[in-house]
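Structure first, then comments.
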Amino acid sequence: MDHANKNETSLPIADPSMQIDPVCGMKVPTDSSRSSDFDGKRYVFCCDGCLQKFRDDPVGVLTKRSQKDSSSSSSCCSGNSSTKANDSPADPDAIYTCPMHLEIEQTGPGDCPICGMDLEPKFVMLADEADDKQYADMRRRFWVGAALSVPLLAIAMGPMVGLRAIDWMSQTKFGWLQLALATPVVFWCGWPLLVRGAKSFRTMNLNMFSLIAVGTLAAYLFSLVVVLIPGVIPTAFFENGVPPLYFEAAAVIITLVLLGQVLELRARQQTGGAIRELMQLAPDTAHRITDDGGEDISLDSIHKGDRLRVRPGEKIPVDGKVLSGSSSVDESMLTGEPMPVKKLEGDEVTGGTFNQTGALVMEAVGVGGDTVLNRIVQMVADAQRSRAPIQKLVDVVARYFVPAVIACSIFAFIGWAVFGPEPQLAHAFVAAVAVLIIACPCALGLATPMSVMVGVGRGAKEGVLIKNAEVLEVMEKVDTIVVDKTGTLTQGRPEVTGIETFEQWNEHDALTLSAAVETPSEHPLAQAIVRRAKADGLRVLEPSEFNSITGGGVRARVDNHDVLIGKADLLDDQGIEGVDAGREKARTHQAEGATVAFVAIDNALAAIFAITDPIKPSTPTALRTLHELGLKVVMLTGDAEPTAKAVATKLGIDEFHAGVSPEEKHDFVRNLKKAGKTVAMCGDGINDAPALAEANVGIAMGTGTGVAIESAGITLVGGDLRGVAAAANLSRKTMSNIRQNLFFAFIYNALGIPVAAGLLYPFFGVLLSPMIAAAAMSFSSVSVIANALRLRATKLT
């Protein structure tokens with residue numbers, strides 16, 4: 001605790017709105033959501049990585065920081081806001097995790113103690129750099145191994161094609177030459193593989209590297225004994241009167257396994273293509289406006305509240321609000337819509353979108369990890385590392401697989417040694433090593449994660465963000481799609497297309513009072529009334545005693561009038577006069593698909609507003625695709641029956657329910673599940689959040705509210721129903737791909753182990769060489785990887 005108290009004075013900062021991140025030393029807004037309390041003091045952090053490091057060891061972090069110049073910042077584990085992976089060197093203290101065992105986390109790179117796989121950065125900003133280093137190192141080891149293994153193989157195979165070693169060099173020199181070529185391959189090129197194998201036995205988490213280490217070291221050490229002290233080798237091992245050498249088998253096995261590792265790392269880089277494309281959407285620099293004029297700064301120097309200038313033809317650097325200027329902004333990277341959006345003072349802009357025509361001055365609101373773009377990037381990365389439930393089966397199999405293979409190898413050795421032909425021990429040794437090598441479970445381990453990584457990345461390119469692999473697996477089983485109307489089937493920007501007035505009220509006065517009541521509301525229908533009033537040049541008054549009635553309407557006092565706006569049933573419940581006359585007029589508008597809002601002033605019906613929300617152009621096509629996939633589509637809406645029926649009939653929706661409250665949406669989804677249906681709920685509003693959370697799969701429109709998005713397992717960035725069809729297609733194709741991979745892996749081992757043990761020898765006189773077994777093992781991994789990568793080109797809509 002003394003360290004913490006001592007360190008408090010070492011984090012000075014002049015601006016009270018900013019604090020110093022104690023991990024990396026960067027300036028962070030005081031109101032940052034990334035914070036942690038320790039020893040009575042609140043600390044804020046620039047990113048999740050720094051926050052996690054502090055929580056793991058707060059005293060150590062503060063002590064370390066107190067020994068540094070607190071005014072200088074250091075590289076941070078995820079890069080505060082720069083989305084370029086290579087802008088800064090990798091942080092040696094970054095948190096790394098295993099893509100197949102997410103419970104494994106450690107500081108700095110390494111390998112997984114369970115499966116031996118290379119760890120990767122938990123936070124995506126350094127992933128490319130880390131993968132590049134691993135890939136370069138493994139590729140270098142492979143090429144050195146190949147350069148030494150090829151001549152070694154040629155020398156060793158010479159006698160098999162009639163070139164007896166004794167004819168051109170002595171047997172001793174022949175052995176020493178092979179030893180010289182094989183040793184660097186086994187102990188330098190293959191060192192990472194041997195270390196992982198040794199670690200697997202030390203922790204008893206046996207994996208593919210356990211088998212590789214045992215097989216290659218057995219072949220190498222046996223051959224080493226032959227070269228150094230050949231007299232101790234039993235004659236049962238002799239071939240053609242001399243003890244055999246297996247140096248070439250050990251070297252070639254290592255080289256082929258390295259080839260598999262190179263291909264795997266390369267494939268992992270390719271699966272990150274979607275993330276790299278997203279990260280490249282952000283510009284490198286921004287133009288900050290200061291009291292002295294302006295300066296060009298990197299994105300990691302932008303703070304909340306900074307004023308930034310965006311010129312025509314530039315990308316918006318971070319999320320913010322327009323302070324002045326106007327322009328058309330291409331938001332297709334978010335919405336998928338090619339038409340640019342007009343931005344005026346007060347409008348929100350998103351980092352990574354493209355400013356087309358005008359100049360803007362904006363205020364930075366979301367910076368660093370708080371930008372929409374960075375949240376999307378991290379969501380995709382987290383989903384790619386998540387585990388599908390089907391992986392549990394693989395884990396159970398893998399837990400017993402390696403011990404079973406070792407047992408099979410021992411039985412194969414015993415069987416050949418007892419019942420095999422001469423030389424018995426030589427045949428037994430070859431069979432045992434071949435069993436170990438061919439049965440490496442790398443293909444089994446890669447089957448699910450590779451498909452998930454590629455599938456999630458493919459979805460991200462289509463604007464379909466999957467929260468985790470479990471959602472992807474459940475989505476495949478969905479048979480019923482429940483959709484909201486407003487903002488999901490329709491554009492979500494309704495307009496007032498008709499006004500009917502009653503009693504003494506005229507259109508001007510009714511609209512003025514109604515707009516005042518609706519101004520505080522964010523409901524799309526309320527905003528339509530406000531927009532109509534502004535478009536007609538009316539002055540929008542300030543309401544008092546505002547009261548929102550959930551699922552029903554709003555009430556307030558305006559200019560000494562009591563104004564109530566809502567559905568006809570609400571007005572009936574409140575004892576409003578003249579509602580039946582409004583219903584008669586409303587039916588005509590509702591038959592055309594309009595929603596009708598009833599307005600009561602001073603306890604009598606004053607007007608009705610016909611509000612039409614145009615159907616999205618993409619909706620009919622998306623619904624056809626969903627029907628082609630065999631999915632039932634149900635529409636739930638708070639609109640009146642005639643309006644809902646008109647929309648449902650026009651779009652060919654299977655079933656609809658009108659006048660549904662948020663609670664009733666939730667209950668409807670729950671009842672569907674009780675009836676045995678697997679339900680996906682698609683919505684965009686706060687009122688949809690309970691149903692989204694209750695559904696087997698919640699699908700939120702990215703254009704909707706944060707509450708809806710948080711409640712959902714899938715987010716459609718563009719707010720387009722075509723994304724639902726894409727998600728359904730993606731889940732089916734990804735799960736099919738996983739099953740194909742598991743089939744390849746299981747069948748490969750089911751056939752490979754008996755063949756390696758010598759099943760074909762009684763019939764064809766063929767005993768599988770360990771080198772051929774290694775090639776087959778590598779091919780199995782490559783086939784799984786190649787099959788998973790096919791998802792990148794799959795068509796989703």
Compare all side-chain heavy atoms of [X] with those of [Y] and state whether any distance is below 4.5 angstrom.
| X | Y | answer |
| --- | --- | --- |
| Val554 | Glu518 | yes |
| Ser327 | Arg311 | no |
| Val322 | Leu344 | no |
| Met475 | Ile466 | no |
| Thr734 | Thr794 | no |
| Leu716 | Arg722 | no |
| Arg539 | Leu541 | yes |
| Ile615 | Leu489 | no |

Quick one: [atom1] on [X] to [atom2] on [Y], what's the gap to the nearest 0.5 Å?
| X | Y | atom1 | atom2 | answer |
| --- | --- | --- | --- | --- |
| Thr371 | Ile316 | OG1 | CD1 | 13.0 Å |
| Leu323 | Glu345 | CG | CD | 7.5 Å |
| Asp296 | Ser301 | CG | OG | 11.5 Å |
| Lys343 | Ser328 | NZ | OG | 10.5 Å |
| Lys461 | Leu730 | NZ | CG | 12.5 Å |
| Asp330 | Thr353 | CG | OG1 | 8.0 Å |

Taking Pro317 as the fixed residue, which of Thr285, Val367, Ile297, Leu308 is the one that meets the side-chain contact (heavy atoms from CB on, under 4.5 Å) rule?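 When Thr285, Val367, Ile297, Leu308 are each tested with Pro317, the side-chain contact (heavy atoms from CB on, under 4.5 Å) holds only for Leu308.
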Among Val482, Leu623, Val724, whose side-chain contact (heavy atoms from CB on, under 4.5 Å) with Val633 holds?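 Exactly one candidate clears the test, Leu623.
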Check whether more than 12 heavy atoms from other residues, nucleotides or ligands sit under 6.0 Å from atom [atom1] of [X], and answer yes or no.
| X | atom1 | value |
| --- | --- | --- |
| Lys315 | NZ | yes |
| Lys342 | NZ | yes |
| Glu295 | CD | yes |
| Arg288 | CZ | yes |

Taking all non-hydrogen atoms of both residues, which atom of [X] and which atom of [Y] are closest, and how far apart?
| X | Y | answer |
| --- | --- | --- |
| Glu694 | Val669 | CG-CG1, 3.9 Å |
| Ala556 | Phe546 | CB-CA, 3.9 Å |
| Ile699 | Ala680 | CD1-CB, 4.0 Å |
| Gly366 | Val318 | O-CB, 3.4 Å |
| Ala286 | Leu299 | N-CD1, 4.3 Å |
| Arg792 | Val454 | CG-CG1, 3.4 Å |

Test side chain to side chain contact (heavy atoms under 4.5 Å, CB included) applied to Lys616 and Leu721, step by step: CA-CA 9 Å; Lys616 293 178 181 178; Leu721 195 63; over 6 Å; no
Test side chain to side chain contact (heavy atoms under 4.5 Å, CB included) on Lys665 and Asp484 and set out the steps. CA-CA 9 Å; Lys665 287 183 180 181; Asp484 179 41; 3.0 Å; yes
Determine whether Asp613 and Thr595 satisfy the following criterion, side chain to side chain contact (heavy atoms under 4.5 Å, CB included), listing intermediate values before the conclusion. CA-CA 8 Å; Asp613 188 5; Thr595 299; over 6 Å; no
Between Glu314 and His287, is the side chain to side chain contact (heavy atoms under 4.5 Å, CB included) condition met? List the steps. CA-CA 11 Å; Glu314 293 182 339; His287 313 298; 2.8 Å; yes
Thr490 side chain vs Lys485 backbone, donor-acceptor pair below 3.5 Å: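 Yes; judged by distance alone, with no hydrogens or angles, the pair exists.
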With no hydrogens and no angle check, is any side-chain donor or acceptor of Lys733 less than 3.5 Å from a backbone partner on Lys795?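 Checking the backbone N and O of Lys795 against the side chain of Lys733, a donor-acceptor pair under 3.5 Å is found.
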